Amino acid sequence: MTASYPRVLPRYALGCYAGAFALLYLFSAQLLAALDIWLLPRSLLIEMLRYRAMWLVFFLTLPAVGYLLWRGSDLVAWWRAPDALTLDGHALHIGPRQLAYADVASIRHQHNRDHLVLTTRAGERVRIRLAIWEDGYGLADQLEESIGGNLEAVTLRRLQAQDTVGFGPLSMNASGLTYKGQLIPWAAIDSIRTQSDSEGMETDETLIIVARGKTHKIDRSKIVNEPVMLACLRQYLPGA
């Protein structure tokens with residue numbers, strides 16, 4: 001089955017760039033006022049500069065502009081991206097480039113930026129920015145399913161061979177999960193769930209593990225091969 005995802009304009013990124021431009025203009029107006037160059041009405045700037053808090057705003061402007069440009073970087077990627085991204089039964093097609101699912105060694109979903117980071121077996125990193133493709137979440141689900149299916153069988157074989165498999169901040173073996181150097185036996189795990197928190201442009205996705213009455217919170221954006229890890233968890237914890 002082939003699925004195509006057309007390129008779409010990330011409007012939030014336009015908003016980030018517009019906000020960055022407005023802050024830079026205000027910063028320049030305040031700076032040039034000392035040279036008697038007025039980019040805004042003189043009376044307005046004088047009134048603004050009378051408030052002590054404006055100096056704090058002045059010094060925080062450049063970090064804020066940097067943050068907005070960083071958040072809006074999807075706009076540059078959209079400009080350079082092909083008209084569509086296509087998935088078939090064997091590979092991801094980005095313009096003329098083809099990336100076989102079997103060549104992907106790991107996948108990481110950066111939830112706080114809506115990016116998928118694929119690492120090939122050769123060590124190359126391919127970043128998929130979900131905001132610039134139509135139905136980005138559907139694209140993420142299909143990619144995670146296609147790539148995870150290849151990796152899951154290999155991971156289960158390693159676990160059955162008593163090997164330890166790493167998933168970023170977590171690792172797993174036949175005895176249980178290891179987090180921050182401490183083993184959490186399977187029998188000690190009371191529950192595993194995910195939690196979403198959103199504030200403005202920021203989204204935090206957390207994996208919460210409760211074991212022996214203690215709660216462990218893991219940033220899901222740091223988990224490598226999360227679909228594979230969740231599939232393996234279901235093997236050891238059927239109720240997870």
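None of these values were measured; they are calculated from a predicted model.
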J.: To the closest 0.5 Å, what do you measure between NE2 (His216) and CG (Leu207)?
T.: 11.0 Å

J.: Check the pair Thr155, Glu152 against side-chain contact (heavy atoms from CB on, under 4.5 Å), reporting the backbone distance first and the verdict last.
T.: CA-CA 5 Å; Thr155 302; Glu152 183 181 338; 5.7 Å; no

J.: With side chains defined as the heavy atoms from C-beta onward, is the minimum distance between Ile132 and Val8 less than 4.5 Å?
T.: no

J.: Determine the minimum heavy-atom distance between Tyr179 and Pro169, stating which atoms define it.
T.: CD1-O, 3.6 Å

J.: Do Val224 and Val154 belong together in a cluster built from hydrophobic side chains that touch within less than 4.5 Å?
T.: no

J.: Over all heavy atoms of both residues, which pair between Leu68 and Ala20 is shortest? Give the atoms and the distance, please.
T.: CD1-N, 3.6 Å

J.: How far apart are the closest heavy atoms of Asn150 and Ala102, and which atoms are they?
T.: ND2-N, 3.6 Å

J.: Between atom CD1 of Ile192 and atom CZ of Arg234, what is the distance when rounded to the nearest 0.5 Å?
T.: 11.0 Å

J.: Tell me whether Arg97 is salt-bridged to Glu124, with the criterion being a basic N under 4.0 Å from an acidic carboxylate O.
T.: yes

J.: Can you measure from CD (Glu144) to CG (Asn225) and round to the nearest 0.5 angstrom?
T.: 10.0 Å

J.: Kindly compute the distance separating CD (Gln142) from CD1 (Ile147), expressed to the nearest 0.5 Å.
T.: 10.5 Å

J.: Who pairs with Arg7 by salt bridge (charged side-chain N to carboxylate O under 4.0 Å, His left out), at least two apart in sequence or on another chain?
T.: Asp83

J.: What do the steps show when you test Leu177 against Ile209 for side-chain contact (heavy atoms from CB on, under 4.5 Å), and what is the final call?
T.: CA-CA 10 Å; Leu177 293 172; Ile209 301 173; 3.9 Å; yes

J.: Is there a side-chain contact between Ile218 and Ile208 (heavy atoms, below 4.5 Å)?
T.: no

J.: Using a 4.5 Å cut-off on heavy atoms from C-beta on, say whether the side chain of Asp114 contacts that of Gln110.
T.: no

J.: Take Glu205 and Arg113 through the test salt bridge (charged side-chain N to carboxylate O under 4.0 Å, His left out) and record every step on the way to the result.
T.: CA-CA 11 Å; Glu205 292 281 346; Arg113 297 195 67 190; over 6 Å; no

J.: Just so I know, are the side chains of Ile189 and Ile184 near enough to count as touching, which here means a heavy-atom distance under 4.5 Å?
T.: yes

J.: Compare all side-chain heavy atoms of Ile107 with those of Val228 and state whether any distance is below 4.5 angstrom.
T.: no

J.: Does any non-hydrogen side-chain atom of Met229 lie less than 4.5 Å from one of Leu170?
T.: yes

J.: Going by side-chain contact (heavy atoms from CB on, under 4.5 Å), name the residues that satisfy it together with Arg125, two or more places apart in sequence or in a different chain.
T.: Arg108, Val117, Thr119, Arg127

J.: Which heavy atom of Gly138 sits nearest to which heavy atom of Tyr5, and what is that distance?
T.: O-OH, 3.7 Å

J.: Is there a side-chain contact (heavy atoms from CB on, under 4.5 Å) between Gln235 and Leu156? Walk through the geometry before answering.
T.: CA-CA 9 Å; Gln235 298 287 326; Leu156 285 173; 3.8 Å; yes

J.: Is there a path of hydrophobic side-chain contacts, each under 4.5 Å between heavy atoms of I, L, V, M, F, W or Y residues, that connects Leu183 with Val165?
T.: no

J.: Verify the neighbour count for atom CD of Gln182: are there more than 12 heavy atoms of other residues, nucleotides or ligands below 6.0 Å?
T.: no

J.: Show the nearest heavy-atom pair for residues Asp88 and Tyr101, with the distance to one decimal.
T.: O-OH, 2.7 Å

J.: Same cluster or not: are Met172 and Val210 linked, directly or through other Ile, Leu, Val, Met, Phe, Trp or Tyr residues, by side-chain heavy atoms under 4.5 angstrom apart?
T.: no

J.: Can you tell me how the ring of His111 sits relative to the ring of His109, calling it parallel under 30°, perpendicular over 60° and tilted otherwise?
T.: parallel

J.: Kindly indicate, with the supporting measurements, whether the criterion side-chain contact (heavy atoms from CB on, under 4.5 Å) is fulfilled by Arg129 and Ser73.
T.: CA-CA 10 Å; Arg129 299 169 184 260; Ser73 61; 3.3 Å; yes

J.: Going by heavy atoms in the side chains, are Leu69 and Tyr17 under 4.5 Å from each other?
T.: yes

J.: I need the Ser28 OG to Leu39 CG distance, nearest 0.5 Å.
T.: 6.5 Å

J.: Hey, could you give me the CG/OG distance between Leu151 and Ser146, rounded to the nearest 0.5 Å?
T.: 11.0 Å

J.: State which residue, out of Leu116, Leu130, Leu85, fulfils the side chain to side chain contact (heavy atoms under 4.5 Å, CB included) condition with Leu143.
T.: Leu116

J.: Linking I/L/V/M/F/W/Y whenever any side-chain heavy atoms sit under 4.5 Å apart, do Ile128 and Val76 land together?
T.: yes

J.: Got Thr120 and Leu118 here, is their nearest side-chain heavy-atom distance under 4.5 Å?
T.: no

J.: Kindly write out the residues that satisfy side-chain hydrogen bond (donor to acceptor under 3.5 Å, both in side chains) with Thr164, not counting sequence neighbours, or none if the list is empty.
T.: Asn173

J.: Which atom pair, heavy atoms only, marks the closest approach of Gln162 to Ala174?
T.: OE1-CB, 3.7 Å

J.: Do Tyr137 and Leu139 belong to the same hydrophobic cluster, where Ile, Leu, Val, Met, Phe, Trp and Tyr are linked whenever their side-chain heavy atoms lie under 4.5 Å apart, directly or via other members?
T.: no

J.: Are His115 and Asp74 close enough, and set up right, to give a side chain to side chain donor-acceptor pair (under 3.5 Å), and what steps lead you there?
T.: CA-CA 10 Å; His115 292 178; Asp74 284 350; 3.1 Å; yes

